[in-house]
J.: 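I have a structure I would like to understand better, so I am pasting it below and will then ask my questions one at a time.
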Protein chains: 2
Amino acid sequence: MANPMYRQIAEDLREQIESGKLRPGQQLQTELELREHYDASRNTVRDAIKWLTTRGLVETRPGQGTFVVQKMDPYVTTLTGDPRGPGGDITVTAQYGEAADDQPRGIEQRITSSTIPQVEIQQAPAEVAGPLRIAEGTQVISRHQKRYVNDTPWSLQTTFYPMGFVLQGANKLIEAVDIQPGTVSYLADTLGLRQVAYRDWITVRAPNATETQFFNLPQDGRIGVFEIFRTAFDQTGTPMRLTVSVYPTDRNQFVLNVGTMPDSASPAG
Amino acid sequence: MANPMYRQIAEDLREQIESGKLRPGQQLQTELELREHYDASRNTVRDAIKWLTTRGLVETRPGQGTFVVQKMDPYVTTLTGDPRGPGGDITVTAQYGEAADDQPRGIEQRITSSTIPQVEIQQAPAEVAGPLRIAEGTQVISRHQKRYVNDTPWSLQTTFYPMGFVLQGANKLIEAVDIQPGTVSYLADTLGLRQVAYRDWITVRAPNATETQFFNLPQDGRIGVFEIFRTAFDQTGTPMRLTVSVYPTDRNQFVLNVGTMPDSASPAG
DNA sequence: GGGTATTTGTCCGTATGTATT
DNA sequence: AAATACATACGGACAAATACC
């Protein structure tokens, strides 16, 4: 057996997909048809389809069939910005197309929105205590939001603040309302904390059940999520917040700029 | 059927793994043993194991058994640096542990090395032509390297330069040798091109066959790879190179700093 | 709403191949 | 060479989701 049969079937279908013979969104033959076509058992055909599914080339819909996946237009987020600005706010633009899209789609109109923050008092786990440089188990304020672009789920975001901020007068932090014009300027006004820098830590991991549901990711967990830890520092060099943002890897990209970029240098080149 | 049996088996094993009852590296019961334990068929047990495999919790070795995966210590790469420096060179440090590691491992000694560049003249595909702002199909120089940390595969890197650089006198670009002390200063010396800024574009995608082999990734493609496009700009704002680096997502993390970081702010906290 | 046909999902048993010890 | 363990492949049965009449 040079190559297992299910692999040969999978490669054959893969070629048809990548050559464009099978177009995005198009339905494949049913398992029974493929079974006849390749003279294999249904389970072997299913193994081939599973192989393609793991690679993100096709998706199966119970009761309907198997379809070539439609690649979404990715959301592009710029991570570098004014360190004194609201670190959570980031721009979303379109990228230049990877392939055969005739119409130049340019910058698409996109509107971001967030849910009302869900506020909790928690004991800081290691991942939170470490960046904030506090002892594990210390109480922290956690403000959690779901974020949408054009009403479709975009990211899950949780920001952690030291509990002391509230005791020192930043009462709004424990209220389940949006803080306008932003927590960065709110903390500057109430506590005199100026955000002068931040550090982003970018990782990829498998999604948990909550994330799988919110982002409508495939059940089998083959699509990972970016997990970005943003630690912001005040003028004394002390961490003042930790924002953890989660984005699916299949439809998000990130850009960072270092140095003085020329004016014309837009991602869309 | 509230939950399919294979899911129940998988969840049970998952709990044992995450609770630490099954330790990293430890061998699970064989399929036949699990078959007896859960009173299911071997195929159903295999479905459960496949579910765990897709999530990166276990790995199977033919002829040996099924094992709880060992999480590698991640490589952490800082993306922000001096925009005038050699953009390809980045530091690698250890992170603070996610969980119960008693010994503070601090900064581990790591040595990076690269293969001799593999040099080619290519016609720029869209992904290269776009960032370099040249027409698709224009000739470019491609310099490809494999990079290692402590002799283990770390990243695959390809840098593209406009063909004109050679015609203007930067002959070394088409030689299959390392350019010392770096191409950035070489281009500054020969062509007067000063790198004043760069932009990184971070994406995640499925690995191709070459990458799967080089990084020794699982065949089923469930582990993605970071693909980072670094476009560097000269003093006139013209793109002078595009470096594409590929890293497996399961053992690489990235850090970026914005603003003036306090001295003590190291990733290891 | 109900019923039926279609399609994928789950589960079983069995046989044989391949890799490792 | 033999034993063990996972990989591939087959065939069959029923369940669940969807679409359509």
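Worth knowing before you read on, the calculation uses all heavy atoms, side chains too, and leaves out hydrogens, waters and symmetry mates. Below, read A as the first sequence line, B as the second, and so on, with proteins coming before strands; counting in each chain starts at 1.
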J.: Under a 3.5 Å limit for both distances, which nucleotide forms a Watson-Crick or G-U wobble pair with D:dA1, could you say?
T.: none
J.: Closer to the 5' end of DNA chain C via nearest nucleotide, is it B:Val45 or A:Ile49?
T.: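 Closest to the 5' end, via its nearest nucleotide, is A:Ile49.
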J.: Whether A:Arg143 engages the ring of A:Phe160 as a cation-pi pair (distance to the six-membered ring centre under 6.0 angstrom, angle to the ring normal within 45°) should be assessed.
T.: no
J.: So, do A:Trp51 and A:Tyr6 have ring centers that fall under 6.0 Å from each other?
T.: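 Aromatic pair excluded; centres sit 6.0 Å or further apart.
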J.: Where the side chain of B:Thr30 is defined as all heavy atoms beyond and including C-beta, which of D:dC6, C:dT10, D:dA9 is the nearest nucleotide?
T.: D:dC6
J.: Check whether any side-chain N or O of B:Arg46 sits under 4.0 Å from OP1 or OP2 of D:dA7, and answer yes or no.
T.: yes
J.: Please confirm whether any donor atom in the side chain of B:Arg42 sits under 3.5 Å from an acceptor in the base of D:dA7, or the reverse.
T.: yes
J.: Should B:Thr44 be listed as having a side-chain N or O under 4.0 Å from OP1 or OP2 of C:dC11?
T.: no
J.: Please give, in whole Å, the distance from C:dG9 C1' to B:Asp47 CG?
T.: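 Taking atom C1' of C:dG9 as the reference, CG of B:Asp47 is at 10 Å.
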J.: Choosing from D:dT8, C:dG9, C:dC12, which nucleotide comes nearest the side chain of A:Pro62?
T.: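 Of the options given, the side chain of A:Pro62 lies nearest C:dG9.
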J.: Any heavy-atom pair between the side chains of B:Thr152 and B:Tyr75 that's under 4.5 Å?
T.: yes
J.: Are A:Gln64 and D:dA19 close enough that a side-chain N or O sits under 4.0 Å from OP1 or OP2?
T.: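 Yes, because at least one side-chain N or O of A:Gln64 sits under 4.0 Å from OP1 or OP2 of D:dA19.
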J.: Taking only side-chain nitrogens and oxygens of B:Thr60, does any of them come within less than 4.0 Å of OP1 or OP2 of D:dA7?
T.: yes
J.: Output yes when at least one side-chain N/O atom of B:Thr66 is less than 4.0 Å from OP1 or OP2 of D:dC6, else no.
T.: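 True: B:Thr66 side-chain N/O within range (under 4.0 Å) of D:dC6 OP1/OP2.
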J.: Quick one: does A:Glu33's side chain have a donor or acceptor within less than 3.5 Å of a partner on A:Thr30's backbone?
T.: yes
